[in-house]
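No hydrogens, no waters, no symmetry mates; every other heavy atom, side chains included, goes into these values.
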Amino acid sequence: MSVSELPTKEANVLKGHEGGVLAARFNSDGNYCLSCGKDRTIRLWNPHRGIHIKTYKSHGREVRDVHVTPDNSKLCSCGGDRQVFYWDVSTGRVIRKFRGHDGEVNAVKFNEYASVVVSAGYDQSLRAWDCRSHSTEPIQIIDTFSDSVMSVCLTKSEIIGGSVDGTVRTFDMRIGREISDNLGQPVNCISMSNDANCVLASCLDSTLRLLDRSSGELLQEYKGHTCKSYKLDCCLTNTDAHVTGGSEDGYIYFWDLVDASVVSKFRAHSSVVTSVSYHPKDKCMITASVDGTIRVWKT
């Protein structure tokens, strides 16, 4: 993918949130996106047509993260009210509320079968919840972190967490093994490469770090943006050719994966860019900001 094919032209602005937007995520096929924020709501959009479809309200505090199942029928959310909500997308009904975290919940993810939700909490734990059971107790608690867990990724058999304690920890559920990679800086977001061989970690020293998952080796560092006090998303483009992430000054950065050079940067928002989500197939991305908007970018 050449630099000219990166999505840097604004195609739509999605407005509706009252206050900062904390996360915006494409669904699995990229036709829709979900957002959540300070106004305690989750919103479903068609980003390509710029249309707001539905609003989900039930959280008592800000909503920090949202994730939708591969078949788009259910979503999960979490936030400042210490709860994880499991929703029916079409009716907007909360099917289940999972309570158990002793602090605010920073991130949520479904497993690939959409049978389990894993949440990352301020209480230094990862918790796994069974969506099919009527029990509200977690089926697993991972509490080996020594500070707030900010972000979580899942593979078929592993749970990966990124923490303010400076570690990215991988838990292999099949054999009960934990591997810890210490980056020496607070980690506020992790994401996986599309080939699942690497983890990209956003750290609070304004550096993104790329780790080899099998060896834990630090492959590359990406710099130029500002990330010192906010939780900012980072991800790889769908071809794994570039790394992208937001900055506290409202800019979006694109780096070359291999040589870590900044290949593109542009002012995307008037305030902190909290979230970036890259389309699973097309040259398209969405960004969200403290300024209350979600913006859709195309080539």
Inset, instruction - List in chain and number order the residues that pass salt bridge (charged side-chain N to carboxylate O under 4.0 Å, His left out) with E158, two or more places apart in sequence or in another chain; answer none if no residue qualifies. - result: R213

Legend entry - Hydrophobic cluster of V164, others only, ordered by chain and residue number, side-chain cut-off 4.5 Å: M150

Inset, instruction - Return yes when atom NZ of K231 has more than 12 non-hydrogen atoms of other residues, nucleotides or ligands closer than 6.0 Å, and no otherwise. - result: yes

Inset, instruction - Heavy atoms only: give me the nearest E137-S135 pair and the separation to one decimal. - result: N-OG, 3.0 Å

Inset, instruction - Spell out, as yes or no, whether a donor-acceptor pair under 3.5 Å connects the side chain of Y56 to the backbone of V89. - result: yes

Inset, instruction - Show which residues join Y122 in its hydrophobic cluster (side-chain heavy-atom contacts under 4.5 Å, direct or indirect), or state none. - result: none

Inset, instruction - Test I179 against R177 for side chain to side chain contact (heavy atoms under 4.5 Å, CB included), laying out the working first. - result: CA-CA 7 Å; I179 301 167; R177 184 185 62 174; 3.6 Å; yes

Legend entry - Side-chain (T274) to main-chain (A288) donor-acceptor, under 3.5 angstrom: yes

Inset, instruction - Can you see which heavy atom on D249 is nearest to which on T226, and at what distance? - result: OD2-OG1, 4.5 Å

Legend entry - Closest contact, heavy atoms only, D165 versus R169: OD2-NH2, 3.3 Å

Inset, instruction - Applying salt bridge (charged side-chain N to carboxylate O under 4.0 Å, His left out), name anything that partners D123, two or more places apart in sequence or on another chain. - result: R127

Legend entry - Pairwise distance OG(S119) to CG(D65) - rounded to 0.5 angstrom: 10.5 Å

Inset, instruction - Indicate whether the side chain of D147 and that of S163 have a donor and an acceptor atom separated by less than 3.5 Å. - result: no

Legend entry - Any L208 side-chain heavy atom under 4.5 Å of H225 side chain: yes

Legend entry - Nearest non-hydrogen partners of W255 and T244, listed with the distance: CZ3-C, 4.2 Å

Legend entry - Donor-acceptor contact below 3.5 Å, side chain S151 vs main chain G162: no

Inset, instruction - Answer yes if I141 and I159 sit in the same cluster of Ile, Leu, Val, Met, Phe, Trp and Tyr residues linked by side chain heavy atoms under 4.5 Å apart, and no otherwise. - result: no

Inset, instruction - Please answer whether the main-chain N or O of N194 pairs with a side-chain N or O of D240 as donor and acceptor at a distance below 3.5 Å. - result: yes

Legend entry - Connected via hydrophobic side-chain network under 4.5 Å: V272 and Y251: no

Inset, instruction - Measure from the side-chain N and O atoms of S206 to the backbone N and O of C227, and report whether any donor-acceptor pair falls under 3.5 Å. - result: yes

Inset, instruction - Quick one: do S90 and D88 satisfy side-chain hydrogen bond (donor to acceptor under 3.5 Å, both in side chains)? Show the steps, please. - result: CA-CA 6 Å; S90 58; D88 184 280; 2.9 Å; yes

Inset, instruction - Fit a plane to each ring of W129 and F98, take the angle between them on a 0 to 90° scale, and name the class: parallel (under 30°), tilted (30 to 60°) or perpendicular (over 60°). - result: parallel

Inset, instruction - Indicate yes or no: does D29 engage K281 in a salt bridge with an N to O separation below 4.0 Å. - result: no

Legend entry - Identified side-chain hydrogen bond (donor to acceptor under 3.5 Å, both in side chains) partner of D81 from the options H59, K97, H101: H59

Legend entry - Heavy atoms of other groups near E178 CD, more than 12 under 6.0 Å: yes

Legend entry - Over 12 foreign heavy atoms within 6.0 Å of NZ, K57: no

Legend entry - Qualifying residue, where the test is side-chain contact (heavy atoms from CB on, under 4.5 Å) with N111 and the options are T155, V116, T69: V116

Inset, instruction - Could you go through the side chain to side chain contact (heavy atoms under 4.5 Å, CB included) check for L204 and K228 one step at a time? - result: CA-CA 5 Å; L204 286 178; K228 294 192 168 81; 5.7 Å; no

Inset, instruction - For side chain to side chain contact (heavy atoms under 4.5 Å, CB included), just list the numbers for I160 and V168, CA-CA rounded to whole Å, side-chain angles, deciding distance to a tenth of an Å, and then say yes or no. - result: CA-CA 7 Å; I160 307 160; V168 174; 3.6 Å; yes

Inset, instruction - Report the relative orientation of the aromatic rings in H48 and F26; use parallel for angles under 30°, tilted for 30 to 60°, perpendicular for over 60°. - result: parallel

Legend entry - Residue pair S261, D256: steps toward the side-chain hydrogen bond (donor to acceptor under 3.5 Å, both in side chains) verdict: CA-CA 5 Å; S261 59; D256 183 273; 5.2 Å; no

Inset, instruction - Mind checking salt bridge (charged side-chain N to carboxylate O under 4.0 Å, His left out) for D39 and listing every partner two or more places apart, or none if nothing turns up? - result: R43

Legend entry - All salt bridge (charged side-chain N to carboxylate O under 4.0 Å, His left out) counterparts of K223, not counting sequence neighbours: E221

Inset, instruction - Quick one: sort the F85 and W87 rings into parallel, tilted or perpendicular, breaks at 30° and 60°. - result: tilted

Inset, instruction - Decide side chain to side chain contact (heavy atoms under 4.5 Å, CB included) for S28 and N72; before the verdict, give the C-alpha distance in whole Å, the side-chain angles of both, and the deciding distance to 0.1 Å. - result: CA-CA 8 Å; S28 56; N72 302 320; 4.1 Å; yes

Legend entry - Atom CZ of F110 with >12 non-hydrogen neighbours under 6.0 angstrom: yes

Legend entry - Shortest non-hydrogen separation from S191 to C153 and the atoms involved: CA-SG, 3.7 Å

Inset, instruction - May I ask you to check whether over 12 heavy atoms, not counting those of F145, lie within 6.0 Å of atom CZ? - result: yes

